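One structure below.
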There are 2 protein chains.
Amino acid sequence: MYSFTEENYLKAIYKLSYEQKQSETSTNAIAEELDTRAASVTDMLKKLAEKQLVNYEKYKGVSLSDEGKSVALQVVRKHRLWEVFLHDKLDFGWEEVHEIAEQLEHIQSDRLINRLDDYLGNPKHDPHGDPIPDKSGALFIENYLPLNKVASGQACILTGVSDHSTSFLKSVEKWGLGIGTCLTPGDKNEYDGTLEVELPNGEKIVIGQKSAAHILVKI
Amino acid sequence: MYSFTEENYLKAIYKLSYEQKQSETSTNAIAEELDTRAASVTDMLKKLAEKQLVNYEKYKGVSLSDEGKSVALQVVRKHRLWEVFLHDKLDFGWEEVHEIAEQLEHIQSDRLINRLDDYLGNPKHDPHGDPIPDKSGALFIENYLPLNKVASGQACILTGVSDHSTSFLKSVEKWGLGIGTCLTPGDKNEYDGTLEVELPNGEKIVIGQKSAAHILVKI
DNA sequence: AAATATTTTTAGATAAGTCTAAAAATAATA
DNA sequence: TATTATTTTTAGACTTATCTAAAAATATTT
Ligand SMILES: [Mn+2]
Ligand SMILES: [Mn+2]
Ligand SMILES: [Mn+2]
Ligand SMILES: [Mn+2]
């Protein structure tokens with residue numbers, strides 16, 4: 001239906017709008033997200049507007065139309081379900097699944113993705129804790145809290161990460177943390193920003209401010 | 001490494017060479033196999049020759065180089081392993097798997113395909129009975145016999161099909177046949193070419209000459 | 001061998017997606 | 001407000017893959 005490239009643009013616009021918490025996003029932001037040039041983005045935005053997938057006015061930013069958002073959510077659904085498959089069935093680490101899912105998310109077959117969903121047991125989250133849209137594109141959004149906002153002594157559960165880079169995911173794993181781990185933040189070093197965190201086994205680890213901001217938890 | 005399109009051309013040349021039992025194949029045959037025009041094929045053959053993937057001389061046909069054959073076999077491996085996944089794990093019928101595998105065969109990740117292979121239990125054949133090349137591209141070719149060449153009364157086992165069209169596969173299924181079914185050909189009607197075949201439960205079915213030629217068996 | 005038919009290749013165009021460099025619009029600063 | 005900086009768009013070119021129509025080469029008939 002829509003090309004590989006069109007799907008990637010729609011997904012990028014969706015992601016940026018979501019992260020920036022506003023429906024409009026900019027040409028430059030899209031270019032950076034897709035590792036391409038602003039001129040290429042402008043060209044594509046014109047095509048997407050032509051096809052009514054985005055609302056676009058020159059110099060005034062762009063937002064997804066209903067149809068565009070629906071396509072983007074289907075791509076996100078496919079991406080996250082394939083990540084679950086790679087992680088749960090093929091034993092790939094959570095730092096490895098994203099790259100392969102970037103390719104698999106473009107396979108066109110509703111029947112395939114719905115059967116995969118069933119085969120995986122209709123998971124609600126991907127290996128990074130991100131929610132998986134259902135068949136109709138509905139997404140249940142939970143407001144998770146970054147660990148650095150949690151009060152000292154307040155026990156909480158790791159539910160996701162907001163940085164998917166390999167280096168960050170590997171260090172989270174090295175600390176012995178993963179989705180579902182119970183954490184209790186302790187003392188914060190006001191000088192260098194590091195945070196002490198207690199694990200269920202009583203062990204205490206120290207993590208930097210930046211890491212604490214990308215570890216999402218629920219209380 | 002190689003584009004979607006390049007992979008499809010290499011696979012087509014491999015398939016035609018294999019079917020025609022000679023390494024050389026023609027521009028027109030490739031055009032028909034890929035549902036494109038002869039002029040497009042000529043253009044692509046020049047590019048593939050440039051990249052040393054095929055041996056090509058104007059007006060003299062084309063054959064795969066060692067590297068080209070290796071790429072083609074990897075694509076075939078991926079195609080057939082994905083067909084097994086779709087059939088065995090996601091319960092797709094053998095008439096449905098090919099179309100989806102045409103997309104999945106282009107996913108680039110050696111680690112993925114090798115893990116998938118292990119996950120599926122290193123199958124030797126796809127749902128149509130076709131052999132699956134191993135990691136190194138080695139293919140164990142068995143000489144199966146079309147059912148119409150089997151002597152009357154000689155029991156044999158269905159091991160594959162040489163036509164993958166939906167209509168044929170559906171009719172084979174309707175007769176209650178599948179990979180592994182034991183068959184005993186009986187009387188052949190010399191007038192209309194139909195063949196009587198006995199099944200393990202004693203039931204007798206009648207199939208046409210064309211179908212009998214596309215049902216492969218071993219004795 | 002000459003005429004005809006078929007196959008294959010070339011020539012020139014088109015579409016999708018990308019790029020650089022320059023121009024235009026908008027935003028920030030003095 | 002005028003100047004400067006940043007962002008965005010246009011203009012024109014390039015790549016990959018495709019097409020039609022015409023020319024060239026090869027194969028088949030008479
Ligand atoms: Mn991902
Ligand atoms: Mn994810
Ligand atoms: Mn197939
Ligand atoms: Mn097959």
Side-chain angles (χ1 to χ4, degrees), chain A residues 1-13 16-17 19-20 22-64 68 71-72 75 102-103 105-108, chain B residues 1-13 16-17 19-20 22-64 68 71-72 75 102-103 105-108:
Chain A
M1 191 69 174
Y2 297 109
S3 76
F4 194 100
T5 313
E6 287 170 330
E7 287 191 341
N8 279 338
Y9 272 92
L10 294 171
K11 187 172 64 130
I13 297 167
L16 293 167
S17 308
E19 283 173 358
Q20 299 164 177
Q22 53 178 20
S23 65
E24 299 274 315
T25 192
S26 75
T27 302
N28 260 359
I30 298 168
E32 186 160 353
E33 172 69 25
L34 293 177
D35 197 25
T36 185
R37 302 294 170 161
S40 310
V41 175
T42 301
D43 286 346
M44 181 56 75
L45 291 182
K46 283 193 236 168
K47 286 177 207 161
L48 294 176
E50 186 68 35
K51 295 186 180 181
Q52 317 240 31
L53 292 164
V54 298
N55 310 113
Y56 169 61
E57 255 188 291
K58 269 203 223 180
Y59 295 105
K60 292 197 174 169
V62 65
S63 64
L64 292 175
V71 173
V75 177
E102 284 292 298
Q103 296 180 63
E105 72 189 6
H106 301 291
I107 301 293
Q108 307 278 10
Chain B
M1 190 72 175
Y2 298 108
S3 76
F4 194 101
T5 313
E6 287 170 329
E7 287 192 341
N8 279 337
Y9 272 91
L10 294 171
K11 187 173 63 130
I13 297 168
L16 292 168
S17 307
E19 283 174 357
Q20 299 164 178
Q22 52 177 23
S23 65
E24 299 274 315
T25 192
S26 75
T27 301
N28 260 359
I30 297 168
E32 184 160 353
E33 172 69 25
L34 293 177
D35 197 25
T36 184
R37 301 295 169 160
S40 310
V41 175
T42 301
D43 285 346
M44 182 56 74
L45 291 182
K46 284 192 234 170
K47 287 177 207 158
L48 295 176
E50 187 67 36
K51 295 186 179 181
Q52 317 241 30
L53 292 164
V54 298
N55 310 113
Y56 170 62
E57 255 188 292
K58 269 204 223 175
Y59 293 106
K60 291 196 175 170
V62 65
S63 64
L64 292 175
V71 174
V75 178
E102 284 292 298
Q103 297 181 63
E105 72 187 7
H106 301 291
I107 302 293
Q108 305 279 10

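Bear in mind that the values here come from a model prediction, so they are computed numbers and not experimental data. In what follows, every chain begins at residue 1, and chains take the letters A, B, ... in the order their sequences are listed. We use all heavy atoms of the structure for the numbers below, so side chains are in, but hydrogens, waters and symmetry mates are not.
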Shortest side-chain distance from [X], nucleotide among [options]:
X       : options               : result
B:Ser40 : C:dT9, D:dC19, C:dG17 : D:dC19
A:Ser26 : D:dT8, D:dT20, C:dT20 : D:dT8
A:Lys58 : C:dC19, C:dT9, D:dT9  : D:dT9

Can you check the [X] [atom1] to [N] [atom2] distance for me, whole Å?
X       : N      : atom1 : atom2 : answer
A:Tyr59 : C:dA24 : OH    : P     : 9 Å
A:Leu34 : C:dT18 : CG    : P     : 8 Å
B:Glu24 : C:dT7  : CD    : P     : 17 Å
A:Glu50 : C:dG17 : CD    : P     : 14 Å
A:Lys47 : D:dT10 : NZ    : P     : 14 Å
A:Tyr56 : D:dT10 : OH    : C1'   : 11 Å
B:Lys60 : C:dT9  : NZ    : C1'   : 15 Å
B:Glu7  : D:dT16 : CD    : P     : 16 Å

Tell me which of A:Lys51 and B:Thr27 sits closer to the 5' end of DNA chain C, going by the nucleotide each one is nearest to.
B:Thr27
Please give me the minimum heavy-atom distance between B:Gly61 and B:Tyr56, naming the atom from each residue.
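Residues B:Gly61 and B:Tyr56, closest heavy atoms: O-CD1, 3.7 Å.
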Hey, are the side chains of A:Val62 and A:Ile30 touching, using non-hydrogen atoms and a 4.5 Å cut-off?
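The answer is yes, as the side chains (C-beta and beyond) meet within the 4.5 Å cut-off.
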Short side-chain N/O contact to [N] OP1/OP2 from [X], under 4.0 Å:
X       : N      : value
B:Tyr9  : D:dT18 : yes
A:Arg37 : C:dT20 : yes
A:Asn28 : D:dT6  : no
B:Thr36 : D:dT18 : no

Report which part of the nucleic acid [X] touches: base, sugar-phosphate, or nothing (heavy-atom distance under 4.0 Å, all strands).
X       : value
A:Thr42 : base
B:Phe4  : nothing
A:Lys46 : sugar-phosphate

For the backbone of A:Tyr2 and the side chain of A:Gln108, can you confirm whether one donor and one acceptor N or O come within less than 3.5 Å of each other?
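Yes; at least one donor-acceptor contact below 3.5 Å.
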Could you go through B:Leu10 and B:Leu48, starting from their C-alpha distance and side-chain angles, then the distance that decides it, and tell me whether this counts as side chain to side chain contact (heavy atoms under 4.5 Å, CB included)?
CA-CA 9 Å; B:Leu10 294 171; B:Leu48 295 176; 4.2 Å; yes
With a 4.0 Å cut-off, would you call A:Glu102 and A:Lys11 a salt bridge?
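A:Lys11 and A:Glu102: salt-bridged.
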